[in-house]
Amino acid sequence: MKKFLLTIFLTILILPANVFAQAEDDEEEFSLKEALESIKTTKKEPPLSIEARLNEKEIIFRYKRFSVDYNHIDKQKNLNYIKLNVSNEIISMLGSGVNWNYGLTGIHWNDTENNFVPVPTLGIDLYITIRPKVKFYTQFSGMPVGGFGRIYDAETGFRYSPDKHFTITTGYRHLSAKVHRSNSFGSFKNSGFFIGVRSDF
């Protein structure tokens, strides 16, 4: 009788532990499968893309590590901003990573004459895959250049890729520059939300 009761008591103690352990194993297995599927379906950056910002006069061309960003900022001053950039990977894992970049930004404006000032820039980009088709990103570039002035370009937002050839970008961008050539000054601040569409090839 004592052996029978002891057997029942041990069964009551051990059985729930086995059930919970099995449930945890199933959950871990499910999480692993889900993570592997997420890695498989994570969209890689396309080698070539063209992006247009719908509420800005801005077009961005990208080819692999290289990009050209043209922005017609002020029609009255004929103020234009063109940025040539090269991106270099620091770390990349599971669709997220960090890059650093360098480039040259040119500011063109027209007051009494046409003026153009090139400004070298350095920057850093961070991107995080939230879902297989959604990425959060933030990027900053700029540099003070002594007597020539300074330029800062900061942007943060989301990229949604419903299709491998199409991406929607939305976020907030702040551009600020103050440069001069001889006695002529070109300065602007342009901040606000944007929405863009990108074709990927």
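Quick note: numbers below take in every heavy atom, side chains included, and nothing from hydrogens, waters or symmetry partners.
Residues Val197 and Leu54 form a side-chain contact, since some pair of their non-hydrogen atoms from C-beta on lies under 4.5 Å apart. Using a 4.5 Å heavy-atom threshold, the side chains of Leu175 and Lys189 count as separate. Side-chain contact check for Asn80 versus Phe116: every heavy-atom pair is 4.5 Å or farther apart.
For OH of Tyr63, the number of neighbouring non-hydrogen atoms (other residues, nucleotides, ligands) closer than 6.0 Å is 12 at most.
Geometrically, Arg159 engages Tyr137 in a cation-pi contact defined by less than 6.0 Å to the ring centre and at most 45° from the axis.
Ile195 and Ile60 fall into different hydrophobic clusters, where Ile, Leu, Val, Met, Phe, Trp and Tyr residues are linked whenever their side-chain heavy atoms come under 4.5 Å apart, directly or through other members. Hydrophobic clustering (ILVMFWY, side-chain heavy atoms < 4.5 Å, transitive): Tyr160 and Phe193 are in distinct clusters. When the side chains of ILVMFWY residues are joined at heavy-atom separations under 4.5 Å, either directly or via intervening members, Val134 and Ile128 end up in a single hydrophobic cluster. Side-chain heavy atoms closer than 4.5 Å link hydrophobic residues (I, L, V, M, F, W, Y) into clusters, and following such links, even through other members, never connects Trp100 to Leu84. Hydrophobic cluster membership differs between Phe194 and Tyr172, with clusters built from Ile, Leu, Val, Met, Phe, Trp and Tyr side chains linked at under 4.5 angstrom.
We find the OG-CZ distance between Ser67 and Arg62 to be 6.0 Å, quoted to the nearest 0.5 Å. Interatomic distance, NZ of Lys135 versus CZ of Phe158, reported as 13.5 Å (0.5 Å rounding). Separating the NZ atom in Lys64 from the OG atom in Ser49 is a distance of 13.0 Å, to the nearest 0.5 Å.
Using a 4.0 Å cut-off between charged nitrogen and carboxylate oxygen, Lys164 and Asp200 do not count as a salt-bridge pair. Under 4.0 Å is where a charged nitrogen must lie from a carboxylate oxygen, and between Arg53 and Glu155 at least one such pair does. A salt bridge is defined here as a Lys NZ or Arg NE, NH1 or NH2 lying under 4.0 Å from an Asp or Glu carboxylate O, and Glu89 with Arg65 fails to meet this definition.
For the residue pair Tyr81/Asp153, the side-chain donor-acceptor check at 3.5 Å is satisfied. For the residue pair Ser141 and Lys83, a side-chain donor N or O sits within less than 3.5 Å of a side-chain acceptor on the partner.
By the 30° and 60° cut-offs, the orientation of the rings of His72 relative to Tyr70 is parallel.
Between Lys133 and Pro162, the shortest heavy-atom contact is NZ-O, 3.6 Å. Summarising the geometry of Tyr127 relative to Ser92, their closest heavy-atom pair is OH-OG, 3.5 Å, with the distance given to 0.1 Å. Across Met143 and Val119, no two heavy atoms sit closer than the pair O-CG1, 4.3 Å. Between Phe140 and Asp125, the closest heavy-atom pair is N-OD1, 4.3 Å. Counting all heavy atoms, side chain and backbone alike, Thr121 lies closest to Asn85 at OG1-OD1, 4.4 Å. When all heavy atoms are compared, the tightest approach of Asn101 to Ile124 is ND2-N, 3.7 Å.
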### Query
Which is it for Glu51 and Glu58 under the side-chain contact (heavy atoms from CB on, under 4.5 Å) test, yes or no, and what are the steps along the way?
CA-CA 8 Å; Glu51 180 178 343; Glu58 183 175 11; over 6 Å; no
### Task
Could you give me the CA-CA distance, side-chain angles and deciding distance for Glu56 and Arg173, then say whether salt bridge (charged side-chain N to carboxylate O under 4.0 Å, His left out) is met?
CA-CA 11 Å; Glu56 300 280 345; Arg173 188 175 190 182; over 6 Å; no
### Task
Carefully, step by step, assess Phe61 and Asp69 under the rule side-chain contact (heavy atoms from CB on, under 4.5 Å).
CA-CA 6 Å; Phe61 297 90; Asp69 182 349; over 6 Å; no
### Task
Please lay out, stage by stage, how Phe136 and Thr129 fare under the test side-chain contact (heavy atoms from CB on, under 4.5 Å).
CA-CA 6 Å; Phe136 166 80; Thr129 298; over 6 Å; no
